[in-house]
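Let me begin by presenting the structure, written as structure tokens, before commenting on it.
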Amino acid sequence: MAMASLFHQSSKTHFYFALANVSRRSFSTLTTSFNSRTFKPLFQVRAVTTPTEAFVGFNEMVSGTQRKYFMLGGKGGVGKTSCAASLAVKFANHGHPTLVVSTDPAHSLSDSFDQNLTGGALVPVQGVDSPLYALEISPERTREEFHAASQLHGDKGVKNIMDSMGLGMLAEQLGELKLGELLDTPPPGLDEAIAISKVMQFLESKEYSAFSRIVFDTAPTGHTLRLLSLPDFLDASIGKMMKLKKKIASATSALKSMFNKGEPQRDDASDKLEQLRERMAKVRDLFRDSETTEFIIVTIPTVMAINESSRLCASLKKESVSVRTLIVNQVLPPSTSECKFCVMRRKDQMRALETITKDPELASLKIIQAPLVDVEIRGVAGLKFMGDLVWK
Ligand SMILES: Nc1ncnc2c1ncn2[C@@H]1O[C@H](COP(=O)(O)OP(=O)(O)OP(=O)(O)O)[C@@H](O)[C@H]1O
């Protein structure tokens, strides 16, 4: 039996209705480089419309103009990008200037929106009611920039780039290490460090201040957990570096005072380390602030995916990251036909869904079931359609 016949008839009508109603308003094609020195807000925040119908969960997510962050993550291929992109479209269509960020090195935002959003800069998404920008954080591209700078200007070039990313203090602390050589075998966590530095830019740059909703399409589970635990790890490392520096500094100043009775020297390096530490603390606090940040786990109704989601949920809770919602995507809609394959598959999915209710990590979450549809979710129209099914 063709997949098409699994599609719920009313949903199909709904889809074409959605297609016909998608606004095609276009935005200026302004793209903004991260390294831009002139910080101007890209646009002003408009009044946000709050739906009055039965949008219980989404109602809470959309209300208020205070900035909120939503991180969507889960196992590879379950529909993270489709869910993240559809949420971003829905926020924008409810009046929120929205930014959707991909931290997955294998980006699929461009494929999902069916628009070219590559380049590692803010790119406007066409076809939504309020400004929606996409950003694919590209560690590979940054690494290439590092290499080029290293070849042209040696370690000084690499340090300049790190400086422009807000990681200059870290570069200084790496001191005599051959940064160029380090890049040939990037240490684990470098991709996440790059993603974190971008998060720091969100927090500090006026350019990003107008976005009231920021949706992260994260990389599959392992990467994401490293990303979330990095601020703590760096904070601890910086703490150790500072202690060491203080010891060296007090020994040095004791020596200096023996020979030179002049003014005590200001310790610039320690000041900068302290600044970096404060920035890391801000990122960590942001991830853990349940008022502003929420992690939404996306899964599919298979025992393997649900088990992984349970482990992800436990790890997120350990990191004190707020998790309230689990999306079970690609659930087969009820079928009136006698297709054996469909009946078996649906039974199997029902068994997997049962395991959620018994899972100690997942049972307490709000469960959203999103149906498997018979068309690929692509383009703003498709994402709007998916958004209306998922985000209610
Ligand atoms: N509910 C659904 N019904 C039908 N197709 C879907 C559904 N959800 C997602 N898809 C399709 O499944 C494919 C994978 O989806 P998506 O790229 O969103 O997954 P992902 O978890 O982000 O993948 P990756 O881990 O590779 O980034 C896409 O072709 C998408 O259109």
Side-chain angles (χ1 to χ4, degrees), residues 1-12 14-16 18-19 70-90 100-118 125 134-140 191-192 195 215-227 295-302 304-309 311-312 325-335 342 345-346 349 352-353 367-392:
M1 177 188 156
M3 224 15 140
S5 58
L6 285 172
F7 201 104
H8 220 260
Q9 198 52 47
S10 61
S11 302
K12 196 165 218 166
H14 190 175
F15 183 41
Y16 292 125
L19 272 173
F70 294 89
M71 307 176 106
L72 285 94
K75 201 172 160 64
V78 294
K80 295 180 295 296
T81 307
S82 309
C83 290
S86 69
L87 180 60
V89 166
K90 191 142 185 172
V100 55
V101 186
S102 166
T103 60
D104 184 349
H107 300 295
S108 44
L109 278 182
S110 296
D111 291 333
S112 188
F113 280 101
D114 198 18
Q115 295 177 28
N116 183 1
L117 306 169
T118 55
V125 174
L135 167 65
E136 291 188 339
I137 292 176
S138 173
E140 247 166 54
D191 289 356
E192 288 77 12
V215 181
F216 286 89
D217 170 25
T218 72
T221 312
H223 263 274
T224 302
L225 288 174
R226 276 214 302 266
L227 171 75
F295 198 105
I296 297 171
I297 301 177
V298 185
T299 193
I300 50 173
T302 66
M304 277 168 74
I306 288 166
N307 285 347
E308 181 171 319
S309 302
R311 290 193 292 272
L312 173 61
T325 308
L326 174 72
I327 297 176
V328 188
N329 189 26
Q330 302 183 18
V331 177
L332 281 172
S335 168
C342 308
R345 197 88 188 98
R346 197 171 154 73
Q349 287 198 346
L353 284 167
I367 313 289
I368 297 176
Q369 287 193 29
L372 175 75
V373 298
D374 64 350
V375 282
E376 199 178 5
I377 312 283
R378 275 186 83 221
V380 170
L383 291 168
K384 186 180 179 302
F385 167 69
M386 179 156 190
D388 289 340
L389 287 176
V390 178
W391 309 108
K392 292 183 184 167

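Each ligand, and each atom within it, is numbered from 1 in the order the structure gives. Remember, predicted model here, so these are calculated numbers, not experimental data. Heavy-atom basis, side chains included; hydrogens, waters and symmetry copies ignored.
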Would you mind telling me if ligand 1 is within reach of the side chain of [X], the backbone, both or neither, using heavy atoms under 4.0 Å?
X    : answer
S82  : both
A370 : neither
N329 : side chain

Would you indicate whether the side-chain heavy atoms of [Y] and [X] approach each other to under 4.5 Å?
X    : Y    : value
I327 : T299 : no
R378 : S112 : no
V215 : V101 : no
T325 : F70  : no
F113 : V89  : yes
V328 : I300 : no
V380 : Q115 : yes

Are any of the side-chain nitrogens in D217 or K80 under 4.0 Å away from the carboxylate oxygens of its partner? no
Where do C83 and L72 come nearest, in terms of heavy atoms and distance? CB-CD2, 3.7 Å
What about [X]: any of its N or O atoms under 3.5 Å from an N or O on ligand 1?
X    : value
L372 : no
M386 : no
C83  : no
K80  : yes

Of the protein's non-hydrogen atoms, which lies at the shortest distance from [atom], and what is that distance?
atom                    : result
atom 3 (N) of ligand 1  : V373 N, 3.0 Å
atom 10 (N) of ligand 1 : Q330 NE2, 4.0 Å
atom 31 (O) of ligand 1 : I377 N, 3.1 Å
atom 27 (O) of ligand 1 : D104 OD2, 3.4 Å
atom 22 (O) of ligand 1 : T81 OG1, 2.7 Å

At a 4.0 Å cut-off, with the gap strictly under it, does some heavy atom of E376 reach an atom of ligand 1? yes
Short side-chain donor-acceptor distance under 3.5 Å, T81 and S108: yes
List every atom of ligand 1 that sits less than 4.0 Å from any heavy atom of [X], numbering the atoms from 1 in the order shown and giving each element.
X    : value
P371 : 1 (N), 2 (C), 3 (N)
G76  : 25 (O)
G77  : 19 (O), 20 (P), 21 (O), 23 (O), 24 (P), 25 (O), 26 (O)

Please determine whether the number of non-hydrogen atoms from other residues, nucleotides or ligands lying under 6.0 Å from atom CZ of R345 exceeds 12. no
Within the protein, is there a heavy atom lying under 4.0 Å from atom 7 (C) of ligand 1? yes
